[in-house]
Amino acid sequence: MPASGFPPPDPAAKVSANQNLGEGTAMCDETTVSDNAKAGFSRRDFAVSGAALAMLLPSPANAVTVTESDVNVKTPDGVADCYFVHPSSGPAPAVLIWPDILGLRPTFRAMGKRLAESGYAVLVVNPFYRSAKAPVLKEGESFSDPAVRAKLTPMARVFTADTQTRDANAFVSWLDSQKAVDTRRKMATTGYCMGGPFVMRTAAAFPNRIGAACTFHGGGLATDKPDSPHLLIPKMKASFLIAIADNDDKNDPKAKDTLRASFAAAKLPAEIEVYAGANHGWCPPDMEAYNKESAEKAWSRQLALFAKALA
């Protein structure tokens with residue numbers, strides 16, 4: 001799980017392994033792009049199938065009818081445009097979703113709706129609200145494009161331990177003010193790619209509220225920095241699912257061991273697994289590295305955790 005930042009607009013230029021976009025934040029980087037290229041992912045093939053895949057996510061068995069809306073959430077730094085979807089029949093346990101580096105977009109709306117159909121009140125946030133409304137990229141734009149990475153770089157620099165915690169406070173508070181949320185039951189939070197550290201900080205900031213937490217190919221969860229997210233584990237009370245990309249593990253094989261030791265020391269249940277053959281970005285169906293089999297496995301493990309920890 002590398003903690004490096006994005007390369008500059010010149011694709012021939014290199015980025016330092018220590019050049020982070022934001023304190024305590026890690027995400028897709030030059031290594032990810034290189035690994036995906038070596039794996040043979042075709043942008044041309046992806047452009048044809050990506051949008052369709054987002055709409056073809058399988059509905060859960062016994063899917064409930066849901067209500068969906070675009071909402072605005074006030075934060076200390078402005079107003080965040082978000083997507084809120086929940087069962088139409090009554091209050092449900094809440095789930096806060098932190099998207100990957102490409103932000104809130106049709107794919108994450110589809111993923112949020114699918115989760116709501118399983119009985120959860122889901123808020124999918126636009127993490128880039130300080131810079132732009134969602135979606136921040138045009139349909140078909142790819143992280144493999146240096147111009148796209150150059151566009152996202154300044155937007156992501158604001159993500160620090162402090163801003164992540166401030167945003168978490170605003171979103172958790174907003175969810176708990178909604179009639180569609182069952183506040184008698186614990187809340188969950190999930191994050192993809194750069195959303196991994198956001199999940200950890202949310203769980204630490206609200207130990208009595210967050211009962212389940214999941215990270216999918218999350219970057220920078222265990223680093224040697226003084227604000228590394230894993231150092232917050234003693235403050236948490238949530239049960240965790242940490243699904244690690246195969247290539248992230250190869251690039252940073254010690255991270256999973258550090259996480260396992262930290263959760264064990266805190267006596268917190270944590271399912272930590274490297275998904276063999278699944279590259280960074282394998283979960284969202286509009287990413288080049290999308291791996292349906294591994295994505296469905298991670299999704300099923302998420303639902304299993306929620307059923308137990310949010311009961």
- Cluster companions of Leu231 among Ile, Leu, Val, Met, Phe, Trp, Tyr (side-chain spacing under 4.5 Å): none
- Message: Strictly by side chain to side chain donor-acceptor pair (under 3.5 Å), give each pair with a member in residues 205-215 just once, sequence neighbours left out.
- Response: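 As it turns out, the side chain to side chain donor-acceptor pair (under 3.5 Å) pairs with a partner in residues 205-215, which skip direct neighbours, are Asp176-Arg209, Asn208-Lys237.
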Taking the side chain from [X] and the backbone from [Y], do they hold a donor-acceptor pair closer than 3.5 Å?
X      : Y      : answer
Thr160 : Asp162 : yes
Thr163 : Val158 : yes
Ser228 : Lys225 : no
Lys151 : Val136 : yes

- Going through the checks in order, is the side-chain contact (heavy atoms from CB on, under 4.5 Å) test met by Asp70 and Arg109? CA-CA 10 Å; Asp70 293 319; Arg109 286 173 176 265; 2.7 Å; yes
Return the minimal non-hydrogen interatomic distance between [X] and [Y], and the atom names on each side.
X      : Y      : value
Arg130 : Asp77  : NH2-OD2, 2.8 Å
Ala121 : Ala180 : CB-O, 3.8 Å
His230 : Ser262 : CD2-OG, 3.4 Å
Val73  : Ala170 : CG1-O, 4.0 Å
Asn279 : Asn247 : CA-OD1, 3.3 Å
Pro285 : Leu57  : CG-CD2, 3.9 Å

Extract all donor-acceptor atom pairs below 3.5 Å that involve side chains of residues 78-85 and protein atoms in other chains or at least two apart in sequence.
{"from": "Asp81", "atom 1": "OD1", "to": "Asn126", "atom 2": "ND2", "distance (Å)": "2.9"}
{"from": "Asp81", "atom 1": "OD2", "to": "Asn126", "atom 2": "ND2", "distance (Å)": "3.4"}
{"from": "Asp81", "atom 1": "OD2", "to": "Ala134", "atom 2": "N", "distance (Å)": "2.8"}
{"from": "Tyr83", "atom 1": "OH", "to": "Glu68", "atom 2": "OE1", "distance (Å)": "2.5"}

- Pair Tyr275, Asn291: side-chain N/O donor-acceptor within cut-off below 3.5 Å: no
Contact check, side chains of [X] and [Y], non-hydrogen atoms, under 4.5 Å:
X      : Y      : value
Trp282 : Met287 : no
Asp167 : Gln164 : no
Thr189 : Phe171 : no
Phe240 : Ile233 : no
Leu137 : Arg105 : no
Val124 : Pro99  : yes
Val122 : Arg114 : no
Val125 : Phe198 : no

Nearest 0.5 Å, what's the [atom1]-[atom2] distance between [X] and [Y]?
X      : Y      : atom1 : atom2 : value
Met111 : Thr190 : CE    : OG1   : 7.5 Å
Ile272 : Lys256 : CD1   : NZ    : 10.5 Å
Glu139 : Thr107 : CD    : OG1   : 9.0 Å
Leu175 : Leu123 : CG    : CG    : 5.0 Å
Thr153 : Ile101 : OG1   : CD1   : 8.0 Å
Cys283 : Glu296 : SG    : CD    : 9.5 Å

For [X], is the [atom1] atom crowded, meaning more than 12 foreign heavy atoms sit under 6.0 Å from it?
X      : atom1 : answer
Glu293 : CD    : no
Arg185 : CZ    : yes
Lys186 : NZ    : yes

- SB check Lys254 Asp224 (cutoff 4.0 Å): no
- Query: Less than 4.0 Å between a side-chain N and a carboxylate O, is that true for Glu271 and Lys297?
  - Reply: no
- Message: Quick one, Ser239 with Lys308, criterion side-chain contact (heavy atoms from CB on, under 4.5 Å). Give me CA distance, side-chain angles, the key distance, then yes/no.
- Response: CA-CA 9 Å; Ser239 298; Lys308 182 179 181 179; over 6 Å; no
- Message: The test is side-chain contact (heavy atoms from CB on, under 4.5 Å); show your working for Asn251 and His280 and say whether it passes.
- Response: CA-CA 11 Å; Asn251 290 325; His280 185 94; over 6 Å; no
- Query: What about Phe128 and Phe159, are their ring centers closer than 6.0 Å?
  - Reply: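 Yes, the ring of Phe128 comes within the 6.0 Å limit of the ring of Phe159, centre to centre.
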- Begin from the C-alpha positions of Phe216 and Gln302 and carry the test side-chain contact (heavy atoms from CB on, under 4.5 Å) through to its verdict. CA-CA 10 Å; Phe216 304 98; Gln302 169 185 245; 3.8 Å; yes
- Answer yes or no on whether Arg201 is positioned over the face of Trp98, meaning its NZ or CZ is under 6.0 Å from the six-membered ring centre and within 45° of the axis. no
